Amino acid sequence: MKKILILIFLSTMSAICYAQNSYQYGIMPSINLQKKFPRNWSANFKVESRQSFYNQELKYKYLLTDLSLLATKRVAPNITVGGGYLLRAEVDKIKNRAVQQISFSKKYSGFRMSHRIMTDQTFEKDNDTEFRLRYRVSSEIPLEGQSIDVKEFYLKLNNEYLNSWQKKDYDMEIRLVALLGYSISPSNDLEIGTDYRLDSFINGDSRNRIWLSINLFHSLGEE
Amino acid sequence: MVCEVDYTAPCKSRNRNMRMRKVSVKSAFILSLLLLLSIRGFSQSKYEKEFRIKAKNAPAKALTFIDSLTFDSKIKWYKEIGLDHITIEAKAKFNNERHSIEFSENGTFQDAEIEVKPNVLPDSTNSKITGALSQRHKKYKIEKIQIQYTGDRNIVLSFLRGDRNNSEGITINYEVVISTKMDGNYLMLEYLFSERGEFLQSSQIISRRTDTIDY
């Protein structure tokens with residue numbers, strides 16, 4: 001566990017060292033609705049919005065809303081595979097994205113860890129299709145005991161690497177997320193924290209985006 | 001540029017249609033939020049809770065018991081509030097094995113559990129347990145095995161402190177956690193077997209939802 005935290009810390013530091021160019025700050029609230037179905041199937045519907053408060057100058061700007069639907073099937077006790085679709089509504093354009101993912105999650109003594117490998121393809125009018133290969137490692141650490149119970153706080157840490165190809169261009173994005181979560185009830189969780197995203201640092205001026213992330217998870221049909 | 005979205009690009013002139021679209025997308029988000037909150041409030045159902053406590057808040061009798069033992073790691077104390085009971089648990093490592101010792105709320109010794117590898121079990125017990133599990137499940141994976149020691153407080157304490165080959169007066173059971181598939185669904189089950197590998201009881205482990213970490 002200590003090694004993981006050190007790794008995350010070093011990743012953050014190396015990311016911040018690169019951070020010398022544009023900065024954007026904003027808010028990114030999301031709502032996740034999950035519904036379980038028989039035979040290990042489940043569906044997740046997500047609504048996420050982004051609003052910027054600073055982008056080289058202090059100015060409010062509504063950016064986009066994402067609507068996504070992902071269906072997953074548990075194929076082994078710790079493995080889920082899934083696919084879905086995302087619709088991105090920006091101010092003046094619409095993007096469509098197909099998503100495929102495989103997740104490996106395991107409960108250890110005192111925390112839970114998940115590895116997610118994801119591919120996606122983004123389609124947009126008058127633009128080449130963008131292909132991405134992503135890897136994310138996440139961990140949920142209970143702050144009051146060995147497991148996350150109702151009415152308890154937890155810490156969620158994510159580190160994601162996104163490789164992106166669009167025509168002949170390649171870019172990498174690094175995401176570091178630290179969230180404080182609270183289990184409101186067996187079916188509701190609320191998380192708040194920082195989502196830091198760094199990209200364009202390979203071929204150009206790096207772009208730093210820091211979002212205040214607020215996530216609500218609701219599981220339909222759970223008591 | 002391959003960036004997800006180029007937010008640094010200058011804004012295009014906005015016509016009325018664009019403003020309307022912007023408003024409608026915003027409205028859709030707010031509407032979704034309100035809709036969600038109205039689906040069902042944050043209902044609080046009955047639950048079990050386990051949380052860390054400081055050693056000074058553990059019952060004196062439990063502290064005395066634990067202080068008589070030697071561990072390789074720091075001792076962590078937990079309080080578990082169930083539907084009809086409260087227990088105090090001390091967890092620590094000794095010889096690279098996880099020890100968990102449970103007491104009642106007032107510090108009365110209940111049991112001691114030591115997590116072990118399957119090969120630690122006597123061969124005859126191991127084969128009886130695997131036989132019983134194979135009979136019940138087509139496919140399964142052993143996730144955890146704990147040896148459970150119950151009996152008189154002083155006898156168990158002497159056993160834990162000294163000669164672990166002499167278990168006279170102590171009831172030994174094996175707690176086996178498996179993951180398996182039943183009726184097409186993956187689940188975790190906790191089995192309890194006697195010292196000789198006879199089936200005693202089983203229960204399903206209700207795990208926390210994983211969507212907060214999977215998506």
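Not measured: the values here are computed from a predicted model. Labels below follow one simple rule: chain letters A, B, ... track the order of the sequence lines, proteins then strands, and each chain is numbered from 1.
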Over all atoms of both residues, closest heavy-atom pair of D171(A) and S200(A):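 Distance-wise, the nearest heavy atoms are OD2-N, 3.1 Å.
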
With a 4.5 angstrom heavy-atom cut-off, which part of [X] approaches chain B: side chain, backbone, both or neither?
X	answer
R116(A)	side chain
R112(A)	both
P38(A)	backbone
K106(A)	side chain
V99(A)	neither
T122(A)	neither
Q146(A)	both
S68(A)	neither
S147(A)	both

Geometric cation-pi criterion, R136(B) with F199(B): 6.0 Å, 45°: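 The answer is yes; both the distance and angle limits are met.
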
D66(A)/R97(A) salt bridge by N-O under 4.0 Å criterion: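 The answer is no: the pair does not qualify as a salt bridge.
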
